[in-house]
Amino acid sequence: GQQLNQSPQSMFIQEGEDVSMNCTSSSIFNTWLWYKQDPGEGPVLLIALYKAGELTSNGRLTAQFGITRKDSFLNISASIPSDVGIYFCAGQRDFGNEKLTFGTGTRLTIIP
Amino acid sequence: GAVVSQHPSWVICKSGTSVKIECRSLDFQATTMFWYRQFPKQSLMLMATSNEGSKATYEQGVEKDKFLINHASLTLSTLTVTSAHPEDSSFYICSAAEGANQPQHFGDGTRLSIL
């Protein structure tokens, strides 16, 4: 099945640093979502974006819906240890009851 | 908020056994639920879309006779892995949306290990 290109694949940062990751697609999506997955658990929704150009924040997290509708970005400011995990973007043609196409994931590790 | 629950969280069984996994929407009704499979260090791949009261829609390459889906009520979908073999060992995760304009929320997943 199709997957979205997500980069970087992994990141090693120090606590307090800012993080940026992005997700690109060859086709248009009308909804972009960002999830975080901890080991052995299901993905947890971080931010949902519904409009091209939209910039939405959730605490230290900020995500943007690319104007072309083919990409999205997630930024984390002032990283803390609990930010460790795998971040997935997901695109959706429409809302709610449409299937999600996931990105390849970005693994975030914080170096002590 | 929307809560999706999966059961069991972990299953170990012998090759040839059939295994049933449940996905429940705890505080909302879901006419549609989705089943994903995730292999180690990989992303989630959609297996099928479960529709309440009708047949599931399977993604290309997913055997519908091996992965039986039943969505008999607005709060429950089940995935049965029939005659499971070691290559079926994976992390199975379901999701559902509270409404047509709401994002999908995921269950905690079921770790399936076939010996």
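Just so it is clear: chains get the letters A, B, ... in the order the sequence lines come, proteins before strands, and each one is counted from 1.
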Ring centres of A:F65 and A:F73 under 6.0 Å apart?
no
If you draw the axis of the six-membered ring of B:F91, does the NZ or CZ of B:R37 fall within 45° of it and under 6.0 Å from the ring centre?
no
Does any heavy atom of chain B fall under 4.5 Å from the side chain of A:L100, the backbone, both, or neither of them?
both
Is the distance between the ring centroids of B:F106 and A:Y35 under 6.0 Å?
yes
Should we say atom CD of A:Q9 is surrounded by more than 12 heavy atoms from elsewhere, each under 6.0 Å from it?
no
Checking B:Q42 against chain A: side chain, backbone, both or neither under 4.5 Å from a heavy atom?
backbone
Segment of B:T31 engaging chain A (4.5 angstrom heavy-atom cut-off):
side chain
Please flag which part of B:L44 lies under 4.5 Å from any non-hydrogen atom of chain A: side chain, backbone, both or neither.
both
When you look at NZ of B:K66, are more than 12 heavy atoms from neighbouring residues, nucleotides or ligands closer to it than 6.0 Å?
yes
What part of A:Q37 gets closer than 4.5 Å to chain B, counting heavy atoms only: side chain, backbone, both or neither?
side chain
